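First up is the structure itself, then whatever we jot down about it.
Chain identifiers are assigned alphabetically (A, B, ...) following the order of the sequence lines, protein sequences preceding nucleic acid strands; residue numbering begins at 1 within each chain. Since this is a predicted model, take the numbers as computed values, not measurements.
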Number of protein chains: 4
Amino acid sequence: MRRADIENVRKKALTDAAIQAVGAQGSMDVTMADIAARAGVSAALAHHYFGSKQDLMTASVRALLADLRTDAIAALGNARSPRGRLSAIIQVSFSAKQFSSETVAAWLAFYVEAQRNPGLSRLLGIYGRRLHSNLVSGLRPMVGEWEAARIAEGTAAMIDGLYIRKALGSAGRRADPVQLVEDHIETQIASVRRFA
Amino acid sequence: MRRADIENVRKKALTDAAIQAVGAQGSMDVTMADIAARAGVSAALAHHYFGSKQDLMTASVRALLADLRTDAIAALGNARSPRGRLSAIIQVSFSAKQFSSETVAAWLAFYVEAQRNPGLSRLLGIYGRRLHSNLVSGLRPMVGEWEAARIAEGTAAMIDGLYIRKALGSAGRRADPVQLVEDHIETQIASVRRFA
Amino acid sequence: MRRADIENVRKKALTDAAIQAVGAQGSMDVTMADIAARAGVSAALAHHYFGSKQDLMTASVRALLADLRTDAIAALGNARSPRGRLSAIIQVSFSAKQFSSETVAAWLAFYVEAQRNPGLSRLLGIYGRRLHSNLVSGLRPMVGEWEAARIAEGTAAMIDGLYIRKALGSAGRRADPVQLVEDHIETQIASVRRFA
Amino acid sequence: MRRADIENVRKKALTDAAIQAVGAQGSMDVTMADIAARAGVSAALAHHYFGSKQDLMTASVRALLADLRTDAIAALGNARSPRGRLSAIIQVSFSAKQFSSETVAAWLAFYVEAQRNPGLSRLLGIYGRRLHSNLVSGLRPMVGEWEAARIAEGTAAMIDGLYIRKALGSAGRRADPVQLVEDHIETQIASVRRFA
DNA sequence: CATGAATGAGTTTTCATTCAT
DNA sequence: TATGAATGAAAACTCATTCAT
């Protein structure tokens with residue numbers, strides 16, 4: 001294998017391991033040694049490739065984001081209408097992969113860390129704006145720019161809230177997250193149209 | 001000051017300092033020395049009174065919870081109707097005190113920690129059930145038990161989501177959280193009644 | 001109770017507690033708080049009466065020594081012959097009180113500490129010389145000064161060895177300590193006489 | 001030096017340093033920093049190799065035990081008779097290396113610690129049984145099983161006693177330990193034979 | 001006389017990071 | 001490329017000791 005290839009393989013293994021470790025632990029308070037061990041390499045190598053723990057974490061979030069983006073693009077590509085695009089976004093957000101306990105826990109941990117880490121904050125801001133813009137682009141044709149923005153904000157909040165509840169494994173969750181969000185959107189759209 | 005009171009004063013100062021420190025830091029990764037300094041005492045004294053960092057944190061969460069509860073009871077006492085109870089709950093959740101950046105950040109940090117700490121998890125579970133039950137008790141008279149539970153779940157998720165967004169200081173937030181939640185509830189209730 | 005009496009009662013309670021604590025722990029690595037609690041008082045009071053942990057320990061050894069001395073004097077008073085004096089010394093050394101697990105463990109702990117503590121060393125030296133002199137005074141009439149000193153040294157070593165073995169609760173101890181020491185002395189005396 | 005050897009070299013340096021430190025201090029109450037400094041490394045490295053202070057101490061006792069065992073095996077190999085084996089054991093016990101102040105102080109410290117540490121206790125139990133069995137194997141041909149066990153016990157006690165007296169540097173020691181023990185054994189054997 | 005309040009100094013342990021091989 | 005060696009810095013926790021009441 002060429003040197004550049006090895007580097008990519010190692011980097012991928014390390015970011016995967018980092019996400020896994022953070023997800024398992026529920027916070028970014030994991031050791032480089034733990035992450036490296038999950039990737040089957042030494043902690044020193046992780047430093048060699050990423051420079052610091054911080055940089056490895058940032059790269060990991062970027063990977064998470066890229067993954068989500070890929071899924072979203074694929075789902076949106078199949079949508080045949082603005083309303084379909086909304087459903088596609090929701091489906092992806094709660095898909096088995098994105099809504100797995102580990103991934104959700106990792107998201108939450110990164111969110112928390114972002115409060116102190118501008119780089120991370122900026123990165124997660126991208127995700128937030130992308131979600132918002134996707135929601136708005138589905139809603140706009142149906143309710144107009146202004147209402148679309150308002151509904152998107154409530155919807156995004158609900159999605160985030162469902163994520164945090166998933167992460168905490170709150171007992172008593174009965175309703176399907178997709179149903180909950182779809183219902184919110186549907187009801188909001190209907191309400192706007194009734195009074196428009 | 002009476003000798004017997006000192007303990008309570010110190011304990012209060014320390015839990016306040018802990019919440020403040022956790023809020024400022026955005027995570028429970030704060031040192032006893034930092035907390036103790038904020039309370040104006042030595043780290044050794046914090047151990048003297050609480051035994052361990054863990055116990056101090058638990059006591060702090062308990063204090064946060066008790067504070068929220070007091071506010072909620074006061075607000076509910078003034079409500080004159082089921083619908084008024086719902087608004088009261090929402091008002092309290094987003095009141096200046098409960099929705100301050102620091103308090104919100106502390107809540108989030110405790111939530112994250114709860115993933116690994118059963119004691120904390122149990123404590124926060126109390127909050128979750130109390131919120132749910134308060135919401136249901138306001139909704140039930142209007143939409144019945146079944147729909148009340150469903151709406152309460154979406155509402156609680158939205159509240160949690162708005163909290164996490166507040167903690168992250170996500171740019172671009174424009175809508176008022178209270179408006180968002182009130183609107184969600186109002187629309188949901190109306191929708192249920194229309195098709196009932 | 002007069003003030004001086006209270007002081008003596010407290011001091012006695014504290015040295016007793018110290019011996020008990022050290023015996024239970026098997027080393028002088030016990031806390032003032034532990035000792036004070038056993039004596040039913042505060043750690044501050046222990047300092048008030050003894051000035052320092054070191055001083056409390058020294059006083060405790062002194063008490064142990066005084067106790068042993070009282071027992072020894074009583075036993076020697078009943079002895080009717082030099083040989084009887086030897087047996088009396090041995091009896092006392094292995095009496096239920098002096099050879100109890102706790103007392104033995106306390107002796108050992110103090111011995112160990114004496115390596116670094118000249119004051120303690122001096123105190124324990126008194127015990128060593130007293131034992132030696134008592135043994136010699138019993139042996140001298142039977143084997144003369146020179147042999148008495150030699151036999152006393154071996155005997156004292158054996159007694160110390162039996163103490164340390166008791167402290168460690170070495171499995172497999174079968175023989176009675178008194179028998180072992182009596183036999184050693186008897187055989188040594190006989191041997192000297194045969195070849196004298 | 002080969003990379004693979006470094007670990008063993010460091011471990012050896014650390015256990016040596018630990019024995020030295022414990023011997024100098026007369027108790028196990030020495031800091032990892034002190035031990036590490038004596039070995040010329042950082043305290044962190046000591047943890048790296050041994051995991052905990054406890055484990056380092058256990059390894060050190062094991063080293064002490066192994067060393068004694070090697071010496072004993074060598075000495076026993078040169079013995080030409082049961083009686084010679086007894087003398088060999090005694091010689092080793094009081095050899096310059098094994099009976100040095102530091103080594104003796106270390107033994108005593110470990111013995112004391114063993115009261116609270118089952119792992120250490122088990123380890124030291126091995127030494128006790130080995131000494132006993134070596135003594136019995138030398139005595140048995142001369143006095144039979146039963147008497148051999150009895151004499152071995154007294155002898156072992158005397159050896160232990162001479163160790164503790166050495167550790168304490170008791171003033172007034174005049175007799176040679178080897179002489180004392182040899183004499184005890186000789187006299188006991190003679191006594192048994194006379195009355196057998 | 002007696003105690004709880006309070007702390008400074010110290011100890012083990014953890015961990016990101018650097019470096020030589 | 002890859003790793004084990006090595007460490008400094010930090011953090012929780014302990015405890016003898018002092019002091020005000």
Side-chain angles (χ1 to χ4, degrees), chain A residues 1-7 9-10 29-36 40-57, chain B residues 1-7 9-10 29-36 39-56, chain C residues 1-7 9-10 29-36 40-57, chain D residues 1-7 9-10 29-36 39-56:
Chain A
M1 211 184 318
R2 293 205 345 277
R3 178 181 292 206
D5 291 339
I6 290 184
E7 174 158 353
V9 168
R10 291 289 189 234
D29 190 13
V30 293
T31 69
M32 286 294 267
D34 178 15
I35 295 170
V41 299
S42 70
L45 195 66
H47 272 93
H48 177 66
Y49 280 125
F50 288 96
S52 73
K53 183 180 177 179
Q54 201 52 254
D55 289 348
L56 168 55
M57 288 299 175
Chain B
M1 199 185 329
R2 291 215 342 281
R3 172 89 69 90
D5 291 340
I6 290 186
E7 174 160 358
V9 169
R10 290 286 183 248
D29 191 14
V30 292
T31 69
M32 286 296 265
D34 178 15
I35 295 170
V41 298
S42 71
L45 194 67
H47 275 95
H48 176 65
Y49 282 125
F50 287 98
S52 73
K53 183 180 177 179
Q54 199 52 251
D55 288 351
L56 168 56
Chain C
M1 208 184 321
R2 294 206 343 277
R3 177 182 291 207
D5 291 338
I6 290 184
E7 173 159 352
V9 168
R10 291 287 189 235
D29 191 12
V30 292
T31 69
M32 285 296 265
D34 178 16
I35 294 170
V41 299
S42 70
L45 195 66
H47 272 91
H48 177 66
Y49 280 125
F50 288 97
S52 74
K53 183 181 179 179
Q54 202 51 253
D55 289 348
L56 168 55
M57 287 300 176
Chain D
M1 199 185 327
R2 291 213 343 279
R3 170 92 67 94
D5 291 341
I6 290 186
E7 174 161 357
V9 168
R10 291 284 184 250
D29 190 13
V30 292
T31 69
M32 286 296 266
D34 178 17
I35 294 170
V41 299
S42 71
L45 194 66
H47 275 95
H48 176 66
Y49 282 125
F50 288 97
S52 73
K53 183 180 178 181
Q54 199 52 251
D55 287 351
L56 168 56

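In this structure, the CG atom of Asp34(D) is 17 Å from the C1' atom of dT13(E), given to the nearest Å. One can place CG of Asp5(B) at 11 Å from P of dA5(E), the figure rounded to the nearest angstrom. Across the protein-nucleic acid pair, Asp29(C) atom CG and dT14(F) atom P stand 13 Å apart, rounded to whole Å. The CG-C1' distance, from Asp55(C) to dT18(F), rounds to 16 Å in whole Å. The distance between atom CD1 of Ile35(D) and atom P of dT11(E), rounded to the nearest whole Å, is 12 Å. Distance, Glu7(B) CD to dA6(E) C1': 13 Å, rounded to whole Å.
Taking only side-chain nitrogens and oxygens, His47(C) never comes nearer than 4.0 Å to OP1 or OP2 of dA16(F). Between Arg10(A) and dA2(F) there is a side-chain polar atom (N or O) within less than 4.0 angstrom of OP1 or OP2. The shortest distance between the side-chain N/O atoms of His48(A) and the OP1/OP2 oxygens of dT1(F) is below 4.0 Å. The side chain of Tyr49(D) contributes no N or O atom lying less than 4.0 Å from OP1 or OP2 of dG4(F).
Minimum atom distance to the side chain of Leu45(D) is reached by dT7(F), of the listed dT7(F), dT17(E), dA12(F). Comparing atom distances between the Lys53(C) side chain and each of dA2(F), dA16(F), dT13(E) picks out dA16(F) as nearest. For Val41(A), the side-chain atoms get nearest to dT3(F) when compared with the rest of dT3(F), dT7(F), dG4(E). Candidate nucleotides dA16(E), dT7(E), dG4(F) were compared by shortest atom distance to the side chain of Ala44(A), and dG4(F) ranks first.
Pair check for dA9(F) finds dT14(E); Watson-Crick or G-U wobble, both atom distances under 3.5 Å. dA20(F) and dT3(E) make up a base pair, with Watson-Crick or G-U wobble contacts both under 3.5 Å.
Between the side chain of Lys53(C) and the backbone N or O of Val30(C) there is at least one donor-acceptor pair closer than 3.5 Å.
Side-chain contact between Asp29(C) and Asp29(D) is absent, with no heavy-atom pair separated by less than 4.5 Å.
Take the nearest nucleotide of DNA chain F for Ala43(D) and for Ser42(A): the residue whose nucleotide is more 5' is Ser42(A). Summary of the strand contacts: Gly40(C) and Ala33(A) both lie near DNA chain E, and taking for each the nucleotide with the nearest heavy atom, the more 5' one is attributed to Gly40(C). When each of Met32(C) and Val30(B) is assigned the nucleotide of DNA chain F bearing its nearest heavy atom, the one mapping closer to the 5' terminus is Val30(B).
The minimum heavy-atom distance between His47(A) and Ser52(A), with the atom names listed, is CD2-CA, 4.0 Å.
Residue contacts for Thr31(A): at a heavy-atom cut-off of 4.0 Å it reaches the sugar-phosphate backbone alone, with no base atom in range.
Taken to the nearest 0.5 Å, the CG atom of Asp55(A) stands 11.0 Å off from the CE atom of Met57(A).
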